[in-house]
Amino acid sequence: MNTIAVVGAGTMGNGIAHVFAQNGFQVHLIDVSKEALDRGLATIAKNLDRMVTKEKITISDKENTLANIKSFTELKAGVSKVDLAIEAATENVTIKLKIFKELDDVCDPNTILASNTSSISITQIAAATSRPEKVIGMHFMNPVPIMKLVEIIRGYSTSNETTTAIMELSKKLGKTPTEVNDYPGFVANRILMPMINEAIETLHHGVAGVEEIDTVMKLGMAHPMGPLQLADFIGLDVCLSILNVMHDGFKNPKYAPSPLLVNMVMAGKKGVKSGEGFYDYAENRKAEVVSSQFTN
């Protein structure tokens with residue numbers, strides 16, 4: 001594989017594009033919004049500058065990485081002659097199914113189609129195409145340039161050849177691919193999201209405050225980030241979406257999202273991306289100030 005298309009220039013999309021380009025692949029970054037593409041490319045350049053400052057890469061490495069990325073606002077043009085197309089759109093099943101139907105229509109028959117979904121069924125996504133054996137999940141972790149894990153999710157019809165090719169490709173990125181089967185939430189979020197949800201319920205029931213809950217998990221369980229801070233970082237809307245997928249998929253009440261989480265998302269308190277969640281990010285993006293709604 002030499003040329004990779006990434007559909008979606010948001011946080012995950014530009015991170016995936018960054019990693020492939022830095023490892024010598026030709027990358028087509030695709031988004032319907034020119035502004036989103038510009039923001040994505042600016043983020044990649046900023047992250048590369050940070051790596052140059054830390055002497056992890058050279059200025060030449062940065063320039064080569066950026067030169068490996070081309071941006072497109074038209075899907076058909078962006079996926080022309082690519083070996084792999086990775087969808088990195090919002091965690092919404094309707095949107096993903098639409099994108100995969102379009103990818104199936106315009107991509108070469110030999111192109112592998114991958115989704116960066118964190119919870120939605122790869123089998124369901126593959127069913128929207130005429131090539132289910134070539135559809136697979138590549139769940140990168142955020143921030144993509146730093147995190148080593150890639151969950152490789154096999155759908156019901158994903159072939160051994162496709163799985164082997166994507167496992168080997170992930171290793172070429174310096175990642176550690178881990179193969180899992182297609183169940184709601186896969187492994188990472190099936191374990192992580194109930195923990196985050198329980199932390200929110202613990203806050204909701206007044207057992208402890210925001211900082212206290214995060215401190216217990218950081219110092220007591222050696223987590224680098226507390227669950228409420230992590231929820232803010234992921235995006236409370238994303239957490240809610242994943243929990244809803246698991247609740248719907250398993251029909252088990254233990255996956256039902258906390259009413260506090262539901263209300264915060266409806267109120268627009270989505271975490272870092274909105275400037276406020278469990279913490280207030282008005283001054284900086286670090287979780288240092290607890291949101292005023294939890295300090296009274």
Side-chain angles (χ1 to χ4, degrees), residues 11-12 15 91 116-120 139-151 153 175-176 178 180 183-250 252-296:
T11 300
M12 297 304 295
E91 193 71 354
N116 183 57
T117 180
S118 54
S119 62
I120 296 169
H139 179 206
F140 289 85
M141 304 293 133
N142 187 28
V144 181
I146 296 173
M147 301 293 278
K148 291 291 186 181
L149 176 67
V150 184
E151 267 190 314
I153 304 104
K175 302 299 186 185
T176 302
T178 302
V180 305
Y183 289 90
F186 316 131
V187 171
N189 282 317
R190 184 170 179 171
I191 295 170
L192 175 63
M193 285 302 153
M195 183 192 73
I196 286 176
N197 198 46
E198 195 62 32
I200 297 171
E201 278 289 88
T202 301
L203 174 66
H204 185 46
H205 292 156
V207 178
V210 171
E211 285 186 303
E212 289 75 13
I213 291 168
D214 278 351
T215 297
V216 167
M217 297 305 292
K218 285 189 289 186
L219 300 186
M221 285 61 182
H223 291 192
M225 190 182 294
L228 300 177
Q229 180 187 358
L230 180 56
D232 275 357
F233 180 72
I234 294 169
L236 302 191
D237 54 335
V238 176
C239 293
L240 177 59
S241 176
I242 295 169
L243 283 164
N244 281 333
V245 167
M246 295 200 303
H247 188 219
D248 181 62
F250 290 115
N252 190 322
K254 75 176 182 179
Y255 297 113
S258 168
L260 175 58
L261 174 62
V262 174
N263 284 340
M264 289 180 69
V265 172
M266 285 195 298
K269 310 295 185 182
K270 300 178 182 180
V272 177
K273 68 174 73 175
S274 69
E276 185 180 359
F278 295 104
Y279 294 87
D280 190 323
Y281 302 94
E283 298 297 326
N284 61 61
R285 291 171 65 89
K286 295 181 179 179
E288 296 177 345
V289 179
V290 174
S291 173
S292 60
Q293 64 181 312
F294 301 117
T295 57
N296 298 327

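Counting from 1, the numbers follow the sequence of the chain as shown.
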Between M195 and M221, does a side chain to side chain contact (heavy atoms under 4.5 Å, CB included) hold up when you go through it step by step?
CA-CA 12 Å; M195 183 192 73; M221 285 61 182; over 6 Å; no
Can you tell me how far the [atom1] atom of [X] sits from the [atom2] atom of [Y], to the nearest 0.5 Å?
{"X": "Y281", "Y": "S274", "atom1": "OH", "atom2": "OG", "value": "9.0 Å"}
{"X": "L261", "Y": "E201", "atom1": "CG", "atom2": "CD", "value": "9.5 Å"}
{"X": "H247", "Y": "L240", "atom1": "NE2", "atom2": "CG", "value": "12.0 Å"}
{"X": "L203", "Y": "E212", "atom1": "CG", "atom2": "CD", "value": "9.5 Å"}
{"X": "H223", "Y": "K218", "atom1": "NE2", "atom2": "NZ", "value": "12.0 Å"}
{"X": "K270", "Y": "C239", "atom1": "NZ", "atom2": "SG", "value": "12.5 Å"}

For the backbone of [Y] and the side chain of [X], can you confirm whether one donor and one acceptor N or O come within less than 3.5 Å of each other?
{"X": "D280", "Y": "V289", "value": "no"}
{"X": "E276", "Y": "S291", "value": "no"}
{"X": "E211", "Y": "V290", "value": "no"}
{"X": "S241", "Y": "E91", "value": "yes"}
{"X": "K269", "Y": "N263", "value": "no"}
{"X": "E151", "Y": "A188", "value": "yes"}
{"X": "N189", "Y": "S119", "value": "no"}
{"X": "N197", "Y": "A256", "value": "yes"}

Closest approach of [X] and [Y], non-hydrogen atoms and distance?
{"X": "L236", "Y": "G271", "answer": "CG-N, 4.2 Å"}
{"X": "N244", "Y": "P257", "answer": "OD1-CG, 3.5 Å"}
{"X": "M12", "Y": "N142", "answer": "SD-CB, 3.6 Å"}
{"X": "P227", "Y": "A199", "answer": "CG-CB, 3.6 Å"}
{"X": "L149", "Y": "T178", "answer": "CD1-OG1, 3.4 Å"}

Between [X] and [Y], is any pair of side-chain heavy atoms under 4.5 Å apart?
{"X": "M246", "Y": "P194", "value": "yes"}
{"X": "E198", "Y": "S258", "value": "no"}
{"X": "Y279", "Y": "K286", "value": "no"}

Which residues share a side-chain contact (heavy atoms from CB on, under 4.5 Å) with M225, sequence neighbours left out:
Q229, L230, F233
Partner of M193 by side-chain contact (heavy atoms from CB on, under 4.5 Å), out of V245, I234, V238:
I234
Using the rule side-chain hydrogen bond (donor to acceptor under 3.5 Å, both in side chains), only one of D237, T11, D232 pairs with K273; which is it?
D237
Derivation of the side chain to side chain contact (heavy atoms under 4.5 Å, CB included) call for F278 and M264
CA-CA 9 Å; F278 295 104; M264 289 180 69; 3.6 Å; yes
Evaluate side chain to side chain contact (heavy atoms under 4.5 Å, CB included) for T117 paired with I153, printing each intermediate quantity in order.
CA-CA 10 Å; T117 180; I153 304 104; 5.7 Å; no
F294 atom CZ, neighbour heavy-atom count above 12 within 6.0 Å:
yes
